[in-house]
S.K.: 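Starting off with a structure, shown below.
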Amino acid sequence: MGIGYILVKKIVTKHGKKRIKGRVGVKNADYNFRLARIKGKRLNSFSGKFAKFLEYLEIKSKARTIVYNNFIYIVKNGKLITVLNVPYKYQHCKDEEKCNEE
């Protein structure tokens, strides 16, 4: 790990770690957040009602959202603030095509 890694490293807050452990069920919160940043999808990957829901969350929290494995990661200034479950009515929105149908 070079100096670039240290400068780019993202932080998981205490609350974020608690939410990952409780809701996602993973002990290594930093690794889980890293996977979410790499493999997760952003707001622009969705459309329809789910996209409007994500946009509402971003406006309300003044932060970015990442969707990964049916969880919504709220990220503000590179820090993981909290993790929310994707509401049941939007869980089929893993594929952009299915979300576009709504």
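Because only heavy atoms are used, hydrogens play no part in the values below, and waters and symmetry mates are left out as well, while side chains stay in.
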S.K.: If we only count heavy atoms from C-beta on, is the Leu57 to Leu84 side-chain gap below 4.5 Å?
M.R.: yes
S.K.: At what distance, to the nearest 0.5 angstrom, does CZ of Arg23 lie from CG of Asn85?
M.R.: 6.0 Å
S.K.: State which residue, out of Val83, Leu80, Asp30, fulfils the side chain to side chain contact (heavy atoms under 4.5 Å, CB included) condition with Lys17.
M.R.: Asp30
S.K.: Quick one: list whatever passes ring pair (Phe, Tyr, Trp, His ring centres under 6.0 Å) with Phe53, sequence neighbours left out.
M.R.: Tyr90
S.K.: How long is the span from the CD atom in Gln91 to the CG atom in Asn70, to the nearest 0.5 Å?
M.R.: 4.5 Å
S.K.: Distance check, rounded to the nearest 0.5 Å: Lys76 atom NZ versus Thr82 atom OG1?
M.R.: 13.0 Å
S.K.: Indicate yes or no: at least one non-hydrogen side-chain atom of Arg37 is less than 4.5 angstrom from one of Ile66.
M.R.: yes
S.K.: Regarding Tyr73 and Asn32, is there a side-chain donor-to-acceptor distance under 3.5 Å anywhere?
M.R.: yes
S.K.: Between Val24 and Phe71, what is the shortest heavy-atom contact and its length?
M.R.: CA-CZ, 3.8 Å
S.K.: Starting from the C-alpha separation in whole Å, work towards a yes-or-no answer on side-chain contact (heavy atoms from CB on, under 4.5 Å) for Ile74 and Thr65.
M.R.: CA-CA 5 Å; Ile74 307 291; Thr65 58; 3.7 Å; yes
S.K.: Under the side-chain contact (heavy atoms from CB on, under 4.5 Å) test, which residues partner Lys39, sequence neighbours left out?
M.R.: Leu35, Tyr68
S.K.: To the nearest 0.5 Å, tell me how far Asn28 CG sits from Phe33 CZ.
M.R.: 13.0 Å
S.K.: Per the salt bridge (Lys or Arg N to Asp or Glu O under 4.0 Å) rule, what does the pair list look like for residues 55-74, sequence neighbours excluded?
M.R.: Glu58-Arg64
S.K.: Is any side-chain heavy atom of Leu54 closer than 4.5 Å to one of Ile72?
M.R.: yes
